[in-house]
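Numbers for residues simply follow the sequence, beginning at 1. Just so it is clear, the structure is predicted and the values come from calculations on it, not from any experiment. Counting starts at 1 for both ligands and their atoms, following the listed order.
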Amino acid sequence: MVLSNVLDIILTSDVVEIILEKEMGVVKPNLGRRRLLASIGAGVVVGAAAGFTLGRLTAPAAPPIAEELNKIIAERKLELSHAKAALKTYVPGGGRDEFIMFSSGGHSGQVLVIGVPSMRLLKVIAVFTPEPWQGYGYGDVKTMKLLYKGSNGVRLLTLGDTHHPEISKTRGEYDGEWAFIGDKLNARVASISLKDFETKDIVKIPNTQTQHGGACATPNNTEYVACGSQFPAPWEPGKGYKPGVTYVKLTEKNYEERFRGTATFLAFDRATGQFDLSRSFQIELPPYMQDLEVVGWGPSDGWAFMNSINTELHIGNVLEGKPSLEVGAAKNDFDYLHIINWKRAEELVRQGKAVEMNGIKVIPLEVAAKEGVLFFAPEPKSPHGCDISPSGRYIVVGGKLAPVVTIYDVEKIKRAIADQKFAGTDRYGVPVLRFEDVKAAQIEVNLGPLHNEFDPQGRGYVSTFIGNTVDRYTLGPPDYTGEKPFTKIGEIRIHYNVGHICTPESNSIAPKGKYLVALNKWAVDRFNDVGPLLPQNFQLIDISGDTMELLYDMPIGIGEPHYAKMILATKLKSLEIYSPVGTDPETFKPSPYATTKGKERIERKQENGRWVTEVYGTLVRSTITPDLIRVKQGDLVRIHLTNIETTKDATHAFSLSEYNVIASVEPGETTTIEFVADKPGVYVFYCTEFCSPLHLEMAGWLEVEPQ
Ligand code: K7E
Ligand code: CUA
């Protein structure tokens with residue numbers, strides 16, 4: 001319906017009601033809708049009569065809102081639902097979003113920070129891939145160190161396929177201090193400080209080639225970040241897997257016997273943001289393809305759950321007439337939900353029952369199977385997704401090839417394990433529970449259910465990839481105590497091919513509801529065409545009412561995001577500047593390399609038989625000091641730069657022509673650039689941030705004298 005006159009708006013009051021409630025912060029009294037709107041439509045102040053105030057609306061120049069809006073709606077050929085959606089999502093300049101969403105950037109290797117409900121992209125955090133604006137990976141020592149440390153010992157990895165972001169937790173709730181992101185392609189995990197939104201550590205998970213399970217923080221205090229392999233890696237008994245070294249010929253027999261997956265619990269130090277492999281542990285898993293992992297709380301405290309595919313152990317080889325992986329891995333009616341008692345695993349490590357392999361303690365598969373660490377429960381056909389209800393009681397799994405979500409009851413799982421009620425074991429001796437003994441319910445939903453999220457009312461939401469919907473259902477007690485537990489109660493069409501969905505603070509004890517973002521793989525016809533490679537489509541959905549309403553389509557023109565985590569914006573406390581001036585962002589402590597105005601200097605000395613020119617410089621609007629650096633060809637040049645500004649936003653960058661060097665130096669930060677002056681010449685360096693009227697003059701020279 002295109003609105004064409006004031007009367008239409010009056011009859012469909014929602015738009016004005018939204019203005020009153022959301023924009024003006026007015027709580028709507030129990031007032032006849034027609035009267036309220038008629039009053040506003042006529043530009044009349046109704047406050048006094050109705051017993052409430054209209055805030056800004058009472059200003060003398062208050063325009064006849066309905067008329068104004070109506071004109072815009074007609075001119076832009078909008079429908080009522082569009083106008084409503086616009087009002088529900090618009091955040092004025094200077095305003096703040098209620099929620100912040102951390103989305104994986106897919107194989108861009110980065111993390112996206114998005115405000116909700118405005119769906120404004122606030123930042124792209126550099127993690128696995130060099131990013132010049134943040135001076136990440138272009139000669140800045142702290143970022144080069146991260147990229148090298150996070151590589152696999154064979155080559156420098158500058159590519160990551162980010163899937164599952166996480167936010168640190170305290171007592172089951174997201175605390176907004178740290179974020180984590182997993183790299184599926186190279187089995188890595190990174191930590192990001194939410195003080196400065198910068199990557200602080202990247203760890204390559206030992207004995208693991210690809211990683212899809214995590215990141216998932218243990219709920220109490222983020223003691224560990226849990227991860228799980230996806231594709232099993234070749235494995236030497238007693239030695240594990242080492243990139244570029246371990247070789248096992250790929251045959252069906254070898255695959256079964258000599259390939260392995262892993263579940264890893266990476267010890268995390270909240271004070272430093274570093275992972276500590278020496279306190280971490282790993283559980284050897286069968287060569288099924290493990291998928292998503294969650295770590296429980298409440299009744300599931302101490303337990304972790306991950307689903308799996310390809311329990312058929314199929315490897316493919318279509319050129320020699322074997323079925324493809326796609327076909328071979330879909331033969332069984334059931335795969336295995338992995339149920340891991342990680343507290344028990346921790347205990348076994350303490351008792352010395354783990355074997356050290358490639359720098360981490362590994363609980364061998366037979367020990368895990370025998371000593372109560374690992375159990376399986378059947379899950380219907382090619383499952384995907386593994387999520388946990390707010391109470392910690394229900395584990396929800398999608399089924400790519402079955403139109404049902406399967407809900408497991410952790411109480412039943414624990415009881416069956418305590419009673420040793422098993423159907424038998426798998427071929428590796430892992431006890432298998434009976435489906436009927438552990439199932440809480442199966443809910444019929446649209447085709448291709450993948451991922452689940454939850455709201456505070458005990459309702460779940462599931463994305464259906466083939467059905468192109470998000471379906472809403474009820475959980476059971478204690479999450480949902482209404483009359484119709486485990487029942488589908490609604491759906492909304494999305495565009496198109498939805499993967500993960502994200503509701504605020506889901507997969508914690510206290511989800512916040514209100515919004516849901518569908519992370520859609522395909523956009524098809526939703527935006528202007530920008531070539532055959534189209535952006536993905538994040539769709540914002542209002543889930544506050546009895547029916548779900550589509551509010552906004554946000555194109556994601558960078559990478560192929562998978563999952564996102566959303567948190568109340570008020571929980572984030574990021575630094576305005578680094579303080580005191582001369583802070584090293586790696587430690588948030590004063591840097592020994594900081595210098596101040598007037599103390600800038602250049603020193604040349606020998607270090608391990610090599611000439612090093614070391615520069616201690618400052619950056620301030622609009623000077624780089626020193627502005628002439630003379631070095632000899634072959635010198636290692638180390639430039640320590642302190643941005644001595646104390647003004648919020650006064651970032652300077654240092655970029656060096658022809659050398660592929662750039663650093664971003666935030667106010668108060670001290671950072672170090674290092675490179676070898678291997679080519680003689682005179683090169684300009686300048687500040688790449690337009691920081692002041694004389695920004696163009698913020699420059700200097702590097703003179704490399706031929707040897
Ligand atoms: Cu379903 Cu990696 Cu979580 Cu993609 S995963 S969608
Ligand atoms: Cu500093 Cu431009």
Side-chain angles (χ1 to χ4, degrees), residues 103-107 133 135 160-166 181-185 187 189 210-216 227-231 289-294 306-309 382-387 396-400 448-453 462-466 470 494 496-502 506-507 517-522 536-538 556 559-565 617-625 627 641-645 647 649-655 662-667 669 684-700:
S103 170
S104 79
H107 43 291
W133 172 57
D161 181 21
T162 62
H163 275 235
H164 300 122
E166 173 67 314
I181 182 78
D183 165 20
K184 170 170 162 174
L185 187 62
V189 175
T210 55
Q211 190 292 121
H212 196 232
C216 187
C227 315
S229 59
Q230 168 134 37
F231 300 93
M289 290 176 187
Q290 284 80 21
D291 198 18
L292 255 171
E293 181 171 17
V294 288
M306 70 206 298
N307 61 311
S308 69
I309 57 171
S382 303
H384 192 58
C386 189
D387 293 288
V396 187
V397 171
K400 286 177 298 198
L450 298 183
H451 297 288
N452 292 268
E453 295 273 292
V462 63
S463 54
T464 78
F465 187 86
I466 304 169
V470 170
I494 58 82
Y496 303 90
N497 295 5
V498 56
H500 275 272
I501 49 181
C502 173
S506 189
N507 276 299
V517 175
L519 283 68
N520 304 326
K521 301 293 172 188
W522 283 18
Q536 290 209 6
N537 184 14
F538 279 19
I556 301 288
E560 195 239 339
H562 286 256
Y563 190 24
K565 286 270 166 98
T618 59
L619 303 168
V620 69
R621 278 165 286 173
S622 312
T623 323
I624 301 174
T625 311
D627 58 355
L641 291 167
T642 301
N643 180 343
I644 59 175
E645 305 263 7
T647 308
D649 222 348
T651 286
H652 299 288
F654 178 97
S655 57
I662 193 166
S664 174
V665 194
E666 274 55 74
E669 172 177 355
V684 75
F685 53 79
Y686 66 89
C687 168
T688 26
E689 289 279 333
F690 204 114
C691 53
S692 70
L694 296 179
H695 149 79
L696 275 183
E697 287 82 345
M698 193 166 174

| Taking C-beta and beyond as the side chain, do S229 and Q211 meet within less than 4.5 Å on heavy atoms? | no
| Tally of protein N/O/S atoms under 2.8 Å from atom 2 (Cu) of ligand 1? | 2
| query | Does N452 use its side chain to pair, donor to acceptor, with the backbone of I501 at less than 3.5 Å? | reply | no
| query | Quick one: does Q290's side chain get under 4.5 Å of F231's, heavy atoms only? | reply | no
| Close side-chain approach of M289 to H212, heavy-atom, < 4.5 Å | no
| query | Under the 3.5 angstrom rule, does the side chain of S463 hit a backbone N or O of G499 as a donor-acceptor pair? | reply | yes
| Those atoms of ligand 1 less than 4.0 Å from some heavy atom in H451 | 1 (Cu), 3 (Cu), 5 (S), 6 (S)
| said: Taking N643's backbone N and O only, do any of them form a donor-acceptor pair with E669's side chain (distance below 3.5 Å, no angle check)? | reply: no
| request: Would you kindly say whether N507 and Y563 are connected by a side-chain donor-acceptor distance under 3.5 Å? | output: yes
| query | By number and element, which atoms of ligand 1 are closer than 4.0 Å to a non-hydrogen atom of H384? | reply | 1 (Cu), 5 (S)
